[in-house]
Amino acid sequence: MMLEMTQKEEKFIIPIGPQHPALKEPGHFEFAVDGELVTDATVRLGYVHRGIEKGAEARNWNQNLYLVERICGICSHIHAFTYARGVERLAEVEVPPRAQAIRVLVAELERIHSHMLWFGVAAHEAGFDTLFMFSWRDRETIMDILEGLTGNRVNYSANVLGGVKFDVTDEHRKTILEAVDFMEKRTKHYLNVVTTDAMFLQRTRGIGVANLQQAHRLGILGPTARASGVKRDVRVDAPYSAYKQFPIKMVVETAGDLEARFVVRLKELFESYRLIREILNNMPEGDLQVKRFPRRIKPGEVISRVEAPRGEVFYYIRSNGGEMPERLKVRTPTMMNMASVLAMAVGHQLADMPMLLVGIDPCFSCNDRGVAICNSKGDHDQWTWERLRQHGIDFYAEKV
Amino acid sequence: MLSEPITPVEDLLKQAEAILIPWIPEEAIQGLDDGYPLMLNYTDRRIKVTGTGFPDCLDVNVSAEELLTVIQTLLDNDWGYLATITGVDLGVEAGEIEVLYHFCHGTAVVTLSVKVPRENPVVPSICGIIPSASFYERELLEMFGVTITNTPNTDHLFLPDNWPDNTYPLRKDFVMHAN
Amino acid sequence: MKIATMFSDVVGSFWKKPATVQYPFERVEAPTRLRGKLEWDPEKCTGCSLCSKDCPADAIEIITIDKKAKRFVMQYHMDRCTYCAQCIESCRFSCIEMSDEQWELAATSKVPFEVSYGREEDLAEALAKFALADTVETE
Ligand code: SF4
Ligand code: SF4
């Protein structure tokens, strides 16, 4: 990899990435540092740009359901859900209530596994591997349920246009309720750990603060925004699908630091557990799919918004009356949150960067990322992300 | 922590209408008192009744010159937040590119639509009002080749650095190589 | 503030068996809904090709031997299949099923991924036709 060495007013630029497991897309960051302090940050995305929006214009409405499901490996269901909901509104098809309940059920299960995954990785970046291992072990309970319920661990493929593919049987109901009880117990424990453990708080309390105004200005979304007191959650503001019937409460914290982001996400899990129980105990009866879904969809356009684990997913779909969409626009929450990291990075220690980046819950994909430290003489030495992470851990270990 | 009760979408849209009234043409306003007229015409979009028979979108066509004023008016009245900017290529025949600015407030979505000629598409940057729009503008620039005046950053965001000039992948005349 | 809040978890784990499984010596049974390899029943097929039209991965080809006699062959490209089950939804005659047993599908060559389904005589005829077409093309 060729590294561009730039020098701004006697300050060092530290490029990180593009190979960078802390993000959904490998991203290339450049942090300008003054000693240990970060004074400027920029990002370059698109290393895994797959042209999905263009590709969607050449596939029929059914095929696109699976294309969008593969936008993200963690919130796969959410994308298919948003897309299906949009197309159904465009076609003026009413999805049966039981199907809507199942969609929301899978969405909430997905939120649990996504938050637990993030929780583990964040713990790992903080050097707290015990927490990482245990939270991932617990997450496996949810993965097993999703596999048993839908037939796959990752791309659940639960949706079809006009409904869902499978039913929730009594047997599933029992296993899900048991798992939710177990997870609730564990989440309580984890909430206690992140709010009381001295070592952990040292890495999270008062770090990466974005106050309410900043959060608004930066357009932060999802749990990251709610940790800064922004009352914005599509499930509450604009209830869709079965959330109309099974309302959810919004979890808001005001501190705006990393600790608040942990607390918001963990507290959100309790809401998910409650909602899952409620859905399972009051499952509407009826069909799983509409009889026929049109292959051609009349001209028009629609906006579909859904709250993914990381924030609002926004779809704009336009049809010209054919078998394929004319335009499919996808806006994922990480895009906005990424911009916020850049702004928040300024004024922080280089050692805080790993935690700041994971704080917005980007997706984790690869294993080793290259970091190069350049000094003013122009020679540079290669850092791996592992070394930056270790730098963060050592930096704080020395302070104790 | 329960949030405040949800404002009905009708009220939100009425507010938006009141704010945007200078830019809504006469024909569209007529008949607004008795509910929302169904205006789903593809080319002449105003207030839309979507799938569930439920109006939740207000679309307003504005010119590129008016755009900043309209957005400023929306923000001054504290109506919603910018969700994203969408570009749509209306095709070689239509000869236009449509740039859509989506604002969300609760259940309601206001979309400002700016149509610019395909040959020389220019819109003003809104980063002066909404700084976080920079990513969206960069995307619009590289995917559709829309010139954005005064935008702070014109670097590629998603496309590779060695991407050929004047090649805009989301335009309709850009053909993907299958397989 | 406390220290070592995870201590009890760690100590507790000494008396528990590991959470992981020693695959392939030990196997966890796959759930019955698992989406594995496709299975196709030629008897019910009407040759409508909806399955192949809706397949997002272009993994199915329906080859018509004789439309009137309802003789079709399915060429299933397993290496392209994403196991999404859309074909099952699209087929109105329930010809397609997914196996919950055949999911360890890794192979060292591409050959096992080309699967042809159909009645024996139809398969033979399809093969003959293809061989013929091949020779015509090469000439
Ligand atoms: S499961 Fe999906 S990818 Fe596989 S053949 Fe069927 S439709 Fe195609
Ligand atoms: S959809 Fe069913 S009936 Fe139609 S070709 Fe495929 S398998 Fe045969």
Side-chain angles (χ1 to χ4, degrees), chain A residues 59-70 80 123 128-131 133-138 140-141 144-153 155-163 165-166 169 171-172 186 189-190 192-202 205 289 292-293 295 323, chain C residues 1-14 16-21 23 27-39 48-60 80-92 94 96-103 105:
Chain A
R59 283 171 174 75
N60 70 31
W61 295 102
N62 276 327
Q63 291 173 315
N64 277 330
L65 190 60
Y66 305 98
L67 183 66
V68 297
E69 193 162 23
R70 279 154 185 82
F128 200 166
D129 278 349
T130 318
L131 186 53
M133 292 288 172
F134 276 96
S135 59
W136 276 39
R137 182 201 67 185
D138 298 341
E140 210 54 32
T141 334
D144 286 346
I145 283 179
L146 281 168
E147 188 185 17
L149 190 63
T150 68
N152 201 315
R153 275 167 60 95
N155 290 309
Y156 319 118
S157 195
N159 297 285
V160 278
L161 295 179
K165 289 202 181 99
F166 52 81
T169 62
E171 213 176 301
H172 288 123
R186 295 299 300 172
H189 174 55
Y190 293 137
N192 176 46
V193 170
V194 299
T195 48
T196 59
D197 193 281
M199 290 291 277
F200 203 65
L201 283 178
Q202 191 195 18
R205 189 166 280 178
Q289 288 179 18
R292 265 293 152 81
F293 198 86
R295 292 193 68 81
E323 281 195 16
Chain C
M1 283 209 219
K2 291 183 225 158
I3 50 163
T5 44
M6 293 287 288
F7 189 68
S8 59
D9 297 75
V10 177
V11 173
S13 298
F14 279 119
K16 286 197 193 122
K17 71 177 194 358
T20 45
V21 170
Y23 180 85
R27 274 157 209 269
V28 181
E29 212 185 317
T32 46
R33 279 186 184 171
L34 187 98
R35 300 195 302 271
K37 186 176 171 181
L38 288 194
E39 273 153 19
C48 69
S49 279
L50 272 184
C51 52
S52 107
K53 257 190 215 145
D54 278 349
C55 172
D58 204 8
I60 300 179
R80 294 189 210 154
C81 180
T82 60
Y83 306 96
C84 67
Q86 175 62 39
C87 46
I88 299 176
E89 298 296 326
S90 294
C91 180
R92 298 195 191 121
S94 332
I96 311 176
E97 274 178 15
M98 280 179 135
S99 154
D100 63 338
E101 278 156 16
Q102 296 199 55
W103 49 270
L105 301 173

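Numbers restart at 1 for each chain; the letters A, B, ... are given by sequence-line order, proteins then strands.
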query = When only pairs under 4.5 Å are counted, which of C/C55, C/S90, C/A57 shares the most heavy-atom pairs with chain A?
reply =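 Between C/C55, C/S90, C/A57, the count favours C/C55.
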task = Among C/K53, C/E89, C/R33, single out the residue with the greatest number of heavy-atom pairs under 4.5 Å to chain A.
result = C/R33
Which atoms of [X] approach chain C - backbone, side chain, both or neither, heavy atom under 4.5 Å:
X: A/D144; answer: neither
X: A/N152; answer: both
X: A/Y190; answer: side chain
X: A/L131; answer: both

Taking all non-hydrogen atoms of both residues, which atom of [X] and which atom of [Y] are closest, and how far apart?
X: A/G148; Y: C/P31; value: CA-CB, 3.7 Å
X: A/K165; Y: C/C84; value: NZ-O, 3.0 Å
X: A/Y66; Y: C/Q86; value: OH-OE1, 2.5 Å
X: A/R295; Y: C/D54; value: NH2-OD1, 2.9 Å

task = Go through the steps to decide whether C/S13 and A/F134 satisfy the test side-chain contact (heavy atoms from CB on, under 4.5 Å), and finish with yes or no.
result = CA-CA 10 Å; C/S13 298; A/F134 276 96; 3.2 Å; yes
Looking only at heavy atoms and a cut-off of under 4.5 Å, which of [options] has the most pairs with chain C?
options: A/E147, A/E323, A/Q63; result: A/Q63
options: A/H172, A/Q289, A/E69, A/M133; result: A/H172
options: A/F293, A/Y156, A/W61, A/F200; result: A/Y156

Contacting region of [X] [heavy-atom separation from chain A under 4.5 Å]:
X: C/P56; answer: both
X: C/T82; answer: both
X: C/A85; answer: both

task = Answer yes or no: are there more than 12 heavy-atom neighbours, outside C/E101 itself, under 6.0 Å from its atom CD?
result =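 Count not over threshold, so no.
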request  = List for me each residue that meets salt bridge (charged side-chain N to carboxylate O under 4.0 Å, His left out) alongside A/E140, sequence neighbours excluded, and say none if there are none.
outcome  =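 Listed in chain order: A/R153.
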